[in-house]
There are 4 protein chains.
Amino acid sequence: MTLPARIFSSDNTAGASPEIVEAVSRAAAGQAQPYGADDLTAGVRHRLGEVFEREVDVLLVSSGTAANALSLAALTPPWGSVLCHRDSHINNDECGAPEFYTAGAKLVPLGGEDAKIDPGELRAAVRHKAGDVHSVEPSVVSLTQATETGAVYTPDEIGTLGSLAEEAGLRLHMDGARFAGAVAALGRTPAELTWRAGVDLLSFGATKNGTMTADAIVVFDRSLTPELSFRAKRAGQLAAKTRFHAAQVDAYLTDGLWLRNAAHANGMAARLQDGLKALPEVGLLGVADANIVFCRLPRQVTEGLLGEGYVFYHDRWEPGVARFVTSFATTEADVDGLLAAVRRYAG
Amino acid sequence: MTLPARIFSSDNTAGASPEIVEAVSRAAAGQAQPYGADDLTAGVRHRLGEVFEREVDVLLVSSGTAANALSLAALTPPWGSVLCHRDSHINNDECGAPEFYTAGAKLVPLGGEDAKIDPGELRAAVRHKAGDVHSVEPSVVSLTQATETGAVYTPDEIGTLGSLAEEAGLRLHMDGARFAGAVAALGRTPAELTWRAGVDLLSFGATKNGTMTADAIVVFDRSLTPELSFRAKRAGQLAAKTRFHAAQVDAYLTDGLWLRNAAHANGMAARLQDGLKALPEVGLLGVADANIVFCRLPRQVTEGLLGEGYVFYHDRWEPGVARFVTSFATTEADVDGLLAAVRRYAG
Amino acid sequence: MTLPARIFSSDNTAGASPEIVEAVSRAAAGQAQPYGADDLTAGVRHRLGEVFEREVDVLLVSSGTAANALSLAALTPPWGSVLCHRDSHINNDECGAPEFYTAGAKLVPLGGEDAKIDPGELRAAVRHKAGDVHSVEPSVVSLTQATETGAVYTPDEIGTLGSLAEEAGLRLHMDGARFAGAVAALGRTPAELTWRAGVDLLSFGATKNGTMTADAIVVFDRSLTPELSFRAKRAGQLAAKTRFHAAQVDAYLTDGLWLRNAAHANGMAARLQDGLKALPEVGLLGVADANIVFCRLPRQVTEGLLGEGYVFYHDRWEPGVARFVTSFATTEADVDGLLAAVRRYAG
Amino acid sequence: MTLPARIFSSDNTAGASPEIVEAVSRAAAGQAQPYGADDLTAGVRHRLGEVFEREVDVLLVSSGTAANALSLAALTPPWGSVLCHRDSHINNDECGAPEFYTAGAKLVPLGGEDAKIDPGELRAAVRHKAGDVHSVEPSVVSLTQATETGAVYTPDEIGTLGSLAEEAGLRLHMDGARFAGAVAALGRTPAELTWRAGVDLLSFGATKNGTMTADAIVVFDRSLTPELSFRAKRAGQLAAKTRFHAAQVDAYLTDGLWLRNAAHANGMAARLQDGLKALPEVGLLGVADANIVFCRLPRQVTEGLLGEGYVFYHDRWEPGVARFVTSFATTEADVDGLLAAVRRYAG
């Protein structure tokens with residue numbers, strides 16, 4: 001018997017989907033060409049082409065940080081700047097990976113509700129000191145979908161930001177660490193949420209939503225592929241046995257597993273949200289379109305949960321604020337267990 | 001029925017050991033702390049401590065190139081030089097990853113038989129323009145064990161090079177992409193082949209010998225661990241679900257699997273070597289201590305093999321020279337099939 | 001007859017002090033050892049030792065940007081952060097030179113009045129996520145003396161910030177592009193304003209205050225000198241004919257020229273300030289301890305001045321705000337001419 | 001009375017031409033726009049356009065190392081390689097500046113007589129592993145004119161190498177630290193020796209031949225100018241008071257001073273060569289087209305010269321080999337004094 005899961009600190013505490021485990025096991029037999037020349041890797045490219053309704057190139061990498069940093073390096077010169085939300089993962093949680101990969105480009109943090117870039121701030125930033133050699137050159141806009149607070153950009157919102165970027169000659173990157181969650185939440189096509197709205201490169205997150213160690217860069221501007229390939233090798237991100245990354249992503253894309261997993265995670269967050277909403281002592285914060293719930297918790301609730309072995313971030317953004325993240329592996333019982341515990345201490 | 005394997009181009013064309021596949025499957029269940037705070041990762045550190053008979057630190061990475069480049073970055077300043085063999089992987093096959101990770105250090109290629117650094121050349125190089133700001137500063141020696149030609153350094157040979165390095169104030173790195181093969185071939189302990197001979201950091205290769213996507217840096221100079229940890233994160237080499245890397249390396253180290261796999265691969269190379277030795281038309285080249293066999297093949301043999309679907313490097317180092325690499329997965333039937341084919345065309 | 005100078009956009013529009021011109025001319029004769037092994041360079045080190053009342057090392061460089069970026073590279077690892085004021089030159093006006101030289105460290109902008117770092121903000125920042133590999137590591141604090149608005153840090157203020165840095169294990173850099181102006185304004189010794197208050201490295205600005213093309217790094221933590229020397233060479237900042245840089249700085253330091261020049265520039269700013277203060281239409285902004293005056297100008301004044309050929313920054317920080325910078329070469333007639341013009345249009 | 005100059009170690013031990021000193025003095029008066037917006041800088045661009053018989057762009061920098069490293073950074077991606085002679089300055093004497101500025105490109109050393117790249121070796125190198133992500137990508141060829149041994153490339157030789165580069169899609173850089181000496185030696189036009197033979201960027205050396213602290217990049221492929229401008233600023237190579245660099249180069253180019261200086265230096269080397277040729281104990285080595293003379297000296301001659309205070313490189317390349325470098329400031333008396341001393345000890 002498994003105890004209810006009590007770790008709600010991140011979706012990366014989940015394991016892997018059974019379908020993905022099986023695919024990896026199957027991939028272990030026989031010989032295959034290394035460095036991406038295997039059939040499974042070709043298959044992933046094909047599947048992603050179907051998902052995005054157009055020909056794409058794909059780089060399989062071992063982490064979302066690598067996907068983001070490689071993408072940004074291909075989109076900005078070293079003297080360029082990356083316009084991003086001040087709460088974005090690339091700005092706060094990657095230990096300067098973008099600066100490392102880009103050879104010293106600068107991240108320019110912008111504000112906006114729900115960790116979405118405010119169009120007004122972006123408008124002011126895209127031409128800020130452009131062409132002035134004393135300042136870094138605005139070069140790329142990076143959006144996070146879903147955002148760090150679990151909100152999602154609509155196709156229109158992406159299009160608005162994408163147009164501002166394009167008109168000023170900047171490129172558009174999307175950090176899709178939770179891209180599946182956004183697609184599931186919005187009910188819009190992957191194409192509408194990316195290249196049709198101007199996205200040049202997508203960090204296609206999979207690890208948080210069911211794979212083990214594989215993420216991908218989806219290349220819409222395919223003129224960037226040779227550069228990305230050299231950069232990936234040079235970064236130690238071209239795996240010898242690529243088939244094992246490919247098997248994960250292939251299974252992830254098969255029969256809509258990626259969207260089912262994401263919809264489940266979102267549903268568990270909604271269930272949690274609904275449960276919390278009923279408690280007057282708890283204050284929900286922001287919109288949880290995807291699988292992240294922010295709320296205000298009374299002190300005794302936080303302490304009670306911690307005392308029972310629950311793991312989650314609290315008092316990190318501001319005192320009294322807690323964050324719960326669900327995943328493809330979260331069960332209704334897990335959520336209900338958490339809610340019952342909250343009720344116990346809130347009462 | 002499986003056809004005999006016909007790809008002898010590299011040991012990275014093999015899949016993964018069944019024990020490792022099972023371990024990965026097992027690791028997929030339940031929740032675990034991310035970023036190396038899980039029990040499996042702690043276990044790997046413990047096991048490697050046993051293997052090396054001392055306390056070590058460990059970083060799990062996704063490729064040998066990442067292991068090498070991260071290690072070198074921790075051992076040389078940007079204005080330093082890395083003394084290595086001219087045929088080494090870091091010098092030829094990593095697209096400048098060491099230069100990228102070190103922020104522009106310089107690789108100084110040295111000569112020597114069987115891709116082993118010649119002590120005389122190293123002696124001249126370790127103090128070359130040392131302290132002269134017009135020149136890069138000799139900072140680290142990097143050895144490959146086993147070498148690119150399948151030869152191995154004895155503990156004495158490593159000690160000699162290590163002493164030259166140490167006396168001149170340089171650090172010692174070992175690229176152990178085929179470290180298991182060297183241990184198996186020499187019958188000496190991992191400790192004797194590394195830290196007891198002066199090695200500061202070891203790229204502990206596992207992918208070529210049975211794992212899927214996991215290699216490791218074994219840290220003997222543990223004062224380097226914080227720096228390596230920051231560098232790894234920043235390089236996108238700190239996996240979120242570290243347990244999946246750890247499960248691979250843990251199984252690899254369990255019950256001596258790593259040495260059994262390596263001994264098998266070496267044995268298959270010896271079998272191939274013995275078979276080729278009997279053929280007067282084929283000229284063996286160098287010493288194949290580990291799992292790599294170099295030889296001269298008559299043109300019609302090369303063409304005959306290619307015609308049958310064999311895959312191997314030929315005419316790459318010089319005209320008429322071919323290379324065959326065996327692996328943990330190579331069977332006697334595979335080798336005998338290859339030998340039979342060589343005989344058919346050589347006759 | 002020379003017309004009154006009408007360029008008040010920056011002190012770098014001035015030429016060079018006659019004493020410095022003569023020193024350069026004298027230095028042109030005969031042979032001298034290159035790359036800093038000449039007598040003039042040794043003399044500069046000696047003179048700076050006298051100025052700072054202790055032994056120092058010195059690197060002569062060709063720009064203040066080079067002095068800053070080299071200094072920061074020696075004080076932070078690539079995964080470190082530089083805590084600086086959001087209005088600082090290193091953050092806004094060097095096109096990412098610190099990021100380039102440090103191999104991708106991150107500048108963390110802090111607030112504070114008069115472009116001086118607020119101690120409260122610094123206190124929060126020095127330990128922010130320290131030791132957390134997901135985030136850049138707080139590594140160095142960089143102060144600008146005098147600040148971008150012409151204010152100066154007192155020794156006490158520097159000491160307060162220096163103590164916060166030191167207690168958290170951070171290093172202290174001072175961008176002294178206008179260091180002479182600060183010394184002249186405060187009447188405190190160079191020692192009190194630097195190493196006695198915890199400064200490790202000082203960008204000793206000279207170009208804005210009388211030299212042609214020479215600035216210096218004054219090294220208080222002399223263990224950094226070898227690293228700085230390699231970095232300087234590698235950056236193209238070790239001049240072959242160092243004597244020509246040295247001659248400039250030597251003359252600059254001789255008979256207190258540097259302080260006389262700075263006092264003069266400050267005096268001209270004070271004269272301008274006094275004149276503007278008498279005009280009710282003009283609103284002075286901030287404190288002009290050194291040679292920079294910020295004020296609000298009515299639109300017709302700005303337009304009138306521009307129409308007469310005056311050059312100065314306006315409407316750059318915010319609408320209606322103008323900046324005037326005086327220099328060692330500014331005359332009373334220049335200032336009075338400007339004031340008369342302002343009066344003409346303000347009336 | 002001035003003693004004869006006894007330093008023959010390098011042409012960078014000379015001071016500056018009187019015309020250049022005067023120009024710098026004149027430039028010190030009055031106000032000028034900073035950062036290259038002054039009239040003198042515009043004039044330099046115009047003069048270099050005349051010298052090279054076409055429109056060019058110009059960046060004024062403070063050292064030849066900066067000129068080389070900036071140029072290479074604009075011509076190769078970080079994953080590229082720079083094909084150069086193994087004895088070249090960029091490969092041996094710049095402490096890895098090219099690696100720093102290019103963010104880790106690799107220098108590939110080639111052989112050839114008189115430090116000139118052998119066309120056969122270049123032919124093999126330009127396509128070496130091109131397009132293979134496991135290896136750095138051949139990206140730029142860098143020639144030194146005159147070479148480190150004082151030899152010069154003819155326009156035909158440059159054209160041959162330039163064609164090999166161009167056909168393979170590589171760019172062509174010329175390190176012209178002693179470009180004036182080559183022009184003077186060959187009697188061919190600057191245009192014939194550069195862009196007409198395929199050169200994209202020229203490091204136009206001036207410091208060794210009469211200026212103080214100013215070198216230049218002459219940009220023939222003007223599409224590179226924006227990138228070079230950002231890179232220069234970011235490297236600390238955009239001087240605030242550019243006029244002082246410009247004044248030097250302007251005077252250097254006026255009335256053919258640069259070619260007169262170079263012809264004089266070459267003549268002094270020829271005089272030295274002629275004198276040494278007459279001594280059977282001394283063996284001249286290589287061709288001294290420009291201002292560098294290599295020879296074999298008997299031990300007692302080397303020791304005798306050192307004893308008299310002569311300064312020159314000896315026993316650096318190989319035992320018994322000495323190098324003498326003349327400059328624009330070397331007099332006939334200096335050379336004759338040296339020859340007399342050699343004779344004294346050789347006899």
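To find a chain, count down the sequence lines: A is the first, B the second, and so on, and within it residues start at 1. Side chains are part of it too, since the values below use all heavy atoms of this structure and drop only hydrogens, waters and symmetry mates.
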Checklist entry - Taking all non-hydrogen atoms of both residues, which atom of A/Phe230 and which atom of B/Cys95 are closest, and how far apart? => result CD2-SG, 3.6 Å
Checklist entry - Checking heavy atoms, do the side chain of A/Val311, its backbone, both or neither come under 4.5 Å from chain B? => result side chain
Checklist entry - How long is the span from the OG1 atom in B/Thr242 to the CE atom in A/Met212, to the nearest 0.5 Å? => result 14.0 Å
Checklist outcome for this item: Scored by heavy-atom pairs under 4.5 Å with chain A, the best of B/Ala97, B/Pro18, B/Ser9, B/Ser327 is B/Ala97
Checklist entry - So which part of A/Arg6 gets closer than 4.5 Å to some heavy atom of chain B, the side chain, the backbone, both or neither? => result backbone
Item to check | Among A/Ser10, A/Gly96, A/Pro98, residue most engaged with chain B (heavy-atom pairs, under 4.5 Å) | outcome: A/Gly96
Next on the checklist: So does B/Ile7 get a backbone contact from the side chain of A/Gln31, meaning a donor-acceptor N/O pair under 3.5 Å?
Outcome noted: yes
Next on the checklist: My understanding is that only residues two or more places apart in sequence, or in another chain, count here; which of them pass side-chain hydrogen bond (donor to acceptor under 3.5 Å, both in side chains) with A/Arg178?
Outcome noted: A/Asp11
Checklist entry - Would a distance-only check, ignoring hydrogens and angles, find a side-chain to backbone donor-acceptor pair under 3.5 Å from B/Arg243 to A/Thr13? => result yes
Next on the checklist: If the contact rule is any heavy atom under 4.5 Å from chain A, which residues of residues 66-77 of chain B qualify, in numerical order?
Outcome noted: B/Ala66
Checklist entry - Relative to chain A, which segment of B/Ser17 carries a heavy atom at a distance below 4.5 Å: side chain, backbone, both, or neither? => result neither
Checklist entry - Do you know which of B/Gly64, B/Ala240, B/Ala32, B/Gly30 has the most heavy-atom pairs under 4.5 Å to chain A? => result B/Ala32
Item to check | More than 12 heavy atoms of other groups within 6.0 Å of A/Asp39 CG | outcome: no
Checklist outcome for this item: Looking only at heavy atoms, the pair that brings A/Ser62 and B/Ser62 closest together is OG-OG, 3.3 Å
Item to check | B/Ala29 portion near chain A, given a 4.5 angstrom heavy-atom threshold | outcome: neither
Checklist entry - By ring pair (Phe, Tyr, Trp, His ring centres under 6.0 Å), which residues pair with B/His89, not counting sequence neighbours? => result none
Item to check | Any donor-acceptor N/O pair, A/Lys241 side chain to B/Gly15 backbone, under 3.5 Å | outcome: yes
Next on the checklist: Holding to ring pair (Phe, Tyr, Trp, His ring centres under 6.0 Å), I want the full list of residues that pass it with A/Phe328, two or more places apart in sequence or in another chain.
Outcome noted: none
Checklist outcome for this item: Here the pair of heavy atoms bringing B/Thr65 nearest to A/Lys233 is OG1-NZ, 3.6 Å
Next on the checklist: Out of A/Lys208, A/Glu94, A/Glu99, return the one with the most heavy atom pairs under 4.5 angstrom to chain B.
Outcome noted: A/Glu94
Next on the checklist: Within the structure provided, determine whether B/Ser25 and A/Ser25 are in side-chain contact (heavy-atom separation under 4.5 Å).
Outcome noted: yes
Item to check | Minimum-distance pair of heavy atoms, taken over all atoms of B/Gly236 and A/Tyr101 | outcome: N-OH, 4.4 Å
Item to check | For chain B, the option from A/Ala14, A/Ser63, A/Ala329 that forms the most heavy-atom pairs under 4.5 Å | outcome: A/Ala14
Checklist entry - Picking from B/Ala27, B/Ala103, B/Ala235, which has the most non-hydrogen pairs under 4.5 angstrom with chain A? => result B/Ala235
Next on the checklist: If I measure from the heavy atoms of chain B, does A/Thr211 come under 4.5 Å with its side chain, its backbone, both, or neither?
Outcome noted: backbone
